[in-house]
Amino acid sequence: MTASGPLKVLRALAMPALLVLAWWAVSGSTFYLPSPAAVARAFAETWLSERLVDDVLPSAGRLLAGYALAGLLGVGLGVPIGLSRRLRATLEPVLEFFRAVPPPVLVPLIMLLAGIDTPMKVLVIVSGCVWPVLLNTVEGVRALDGVLADTCRMYGVRGVARLRRFVLPGAAPQIMAGLRQALSIGIILMVISEMFASSSGLGFTIVLFQRQFQIAEMWSGILLLGLLGLVLSLLFRRVERWVLAWYYGSGAARA
Amino acid sequence: MLEISELHKVYVSPGRRVEAIGSVTLSVGAGELVCVVGPSGCGKTTLLRCVAGLLPASGGEVRVNGVPVTGPPPRMAVVFQEYGRSLFPWMTVRQNVELPLKEKRVPAARRRELVAGSLESVGLSDAAGAHPWQLSGGMQQRVAIARAVAYEPEVLLMDEPFAAVDAQTRADLEDLILRLWRDSRITTLFVTHDIDEAVYLGQRVVVLSSSPTTVMEDLKIDLPAGRDQLTTRSLPRFGELRGHVYRQIQRARGHGADR
Ligand SMILES: Nc1ncnc2c1ncn2[C@@H]1O[C@H](COP(=O)(O)OP(=O)(O)O)[C@@H](O)[C@H]1O
Ligand SMILES: [Mg+2]
């Protein structure tokens, strides 16, 4: 099963190459589907320019800011809720309700409250990303091992030490699962928040190209979004492997 | 040292009421090693958790050095049955042993000494940097024992610590416990369902009935102190004591089945 380095790379690239080929074959059949070469050219011209600084970086910055804020908020609220049965009983139905509200419908509301600038966009991202983190944290903390909890009590591990040495690491697999879900939601909301009312950003630019019938440019924007998502998820996987090394090592992940 | 008087425990959950412990009275003197033996489900774990202050009793009381137990006493350590779940998998063996000492604010130098000493005494010096899941079950339980010993407790509680390891490992671990106890004379309450183990380890064996649990017998084990798997277990007296406890347990079972 273990493939050597070059073979592995080949295998990973085979599918994308096949897709590009298929794209090539059908492209040109309609005006709306330019050839890979045209999109590649548009990509280089559009994004390797001041747009990188004017549109891509601000978008990515807002995404990271919103994501980080949602992560802190979700874990910060999830831990006490997970630890307290009473809090859970009171809050859980409400939380499930908020989670069920599709975040894009909050955009008009948040625009009223926070205007149309960066705070609004960050807030939209937070409002969508916080729920999976929060609910997964609650679940992870709630399901902490009882024997380990007893061990902490017997050996006087309490307060901050209990949080750092027991609660957070113990809930980390679930917290990371929540953060993973939040990442894809964050990317979606980053784009949507920029489509509503904006004069810069990836989402705005893609819509602008579409309105101006710059089809190859529009496709290149979609490609860029896909690549951004891919890079972020690869980065995330790295961090996860590092944070949860014990979890994957112990085989608990497969159980 | 450790006095359990008329301890009574009922588990109450909606629509269910389990009387786990009827009334248990027993005491363990300073430096004694007492084994509690009883059939499965007779409330041994419940008893131990009440003694440890992890579970509130429904009646009666537990005292350590005359002080009533209301929560985990500061100088008490427990070795749980579920060794796989009592070690923190995200910490190394060393960190697992060291954590309680940090919380006790033991100075770093002394901490290192205690960790190294206790790991050495359980024969795991080489595994200090490993994670618990990289070790066998017997080794994991030895880490839990090392952690308890390093904590320098006055009272050590053990709940069927070797129930889930193979026979050979179990014999080794029993001897390990005897050796550690002889060196440290920590007051020890050892709970097991294994009659041989109880007779082999204990200075006294307390036989519990099946639930609602009471003490059926408190038996002094008059075997020579220097115990050894081979010679001790082949002594005629060992056989007699074993047979005696066995009959008690059978009676306890029958007793339970009658109701
Ligand atoms: N948390 C609990 N809630 C209700 N009943 C329990 C609980 N824990 C144990 N019991 C019951 O109490 C009795 C004694 O259990 P336990 O102390 O675990 O016995 P042992 O350790 O001797 O096998 C059993 O009948 C068990 O079903
Ligand atoms: Mg038990």
Side-chain angles (χ1 to χ4, degrees), chain A residues 75 79 82-86 88-89 136-137 139-179 238-255, chain B residues 45 48-56 69-93 95-106 130-135 140-141 143-144 147-153 155-159 161:
Chain A
V75 174
V79 167
L83 286 174
S84 153
R85 182 177 309 206
R86 204 170 302 160
R88 250 187 350 258
N136 275 285
T137 304
E139 199 43 46
V141 171
R142 195 187 61 77
L144 283 171
D145 194 295
V147 179
L148 283 182
D150 283 350
T151 302
C152 283
R153 285 184 66 193
M154 279 322 293
Y155 289 114
V157 181
R158 51 178 96 81
V160 179
R162 190 180 133 90
L163 206 63
R164 275 190 50 201
R165 309 279 173 213
F166 170 48
V167 176
L168 288 177
Q174 302 263 35
I175 294 176
M176 291 310 279
L179 284 171
R238 277 228 123 128
V239 174
E240 189 178 37
R241 286 267 150 192
W242 177 70
V243 172
L244 298 181
W246 63 269
Y247 183 67
Y248 292 108
S250 68
R254 287 185 294 275
Chain B
T45 298
L48 203 113
R49 286 171 54 85
C50 288
V51 172
L54 291 170
L55 196 66
V69 170
T70 50
R75 297 205 54 197
M76 188 184 273
V78 178
V79 175
F80 293 98
Q81 179 173 357
E82 305 91 341
Y83 54 79
R85 290 166 51 202
S86 81
L87 300 174
F88 298 94
W90 46 86
M91 295 185 201
T92 61
V93 165
Q95 291 168 329
N96 265 287
V97 177
E98 196 177 15
L99 178 64
L101 306 181
K102 275 189 178 158
E103 294 314 302
K104 231 169 63 167
R105 311 223 175 282
V106 178
H131 284 266
W133 36 269
Q134 294 169 318
L135 308 178
Q140 289 179 26
Q141 197 54 297
V143 176
R147 177 171 62 187
V149 169
Y151 194 59
E152 300 187 297
V155 181
L156 176 59
L157 307 177
M158 296 201 236
D159 185 10

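Letters A, B, ... mirror the listed sequences (proteins, then strands); counts begin at 1.
- Between Arg147(B) and Ser86(B), the closest side-chain pair of non-hydrogen atoms falls below 4.5 Å.
- Of all the listed residues (Pro74(B), Pro73(B), Ala77(B)), the one sharing the greatest number of non-hydrogen pairs under 4.5 Å with chain A is Ala77(B).
- The two atoms that bring Asn136(A) and Gly178(A) nearest to each other are ND2-CA, 3.4 Å, heavy atoms only.
- Looking at Asp150(A), both its backbone and its side chain come within 4.5 Å of chain B, counting heavy atoms on both sides.
- With a 4.5 angstrom heavy-atom cutoff, Arg49(B) touches chain A only via side-chain atoms.
- For chain A, the nearby parts of Phe88(B) are the backbone and the side chain; heavy atoms of each come within less than 4.5 Å.
- Aromatic ring pairs are classed by plane angle as parallel below 30°, tilted from 30° to 60° and perpendicular above 60°; the pair His131(B) and Trp133(B) is parallel.
- With a 4.5 Å cut-off on non-hydrogen atoms, Leu87(B) touches chain A through its backbone but not through its side chain.
- Taking chain B as the reference chain and counting heavy-atom pairs below 4.5 Å, the highest number among Thr151(A), Leu244(A), Leu148(A), Val157(A) is found for Leu148(A).
- A cation-pi contact, defined as under 6.0 Å to the ring centre and within 45° of the axis, links Arg241(A) to Tyr248(A).
- Taking the six-membered ring where tryptophan is involved, the planes of Phe166(A) and Trp90(B) are essentially parallel, since the angle between them stays under 30° and well short of 60°.
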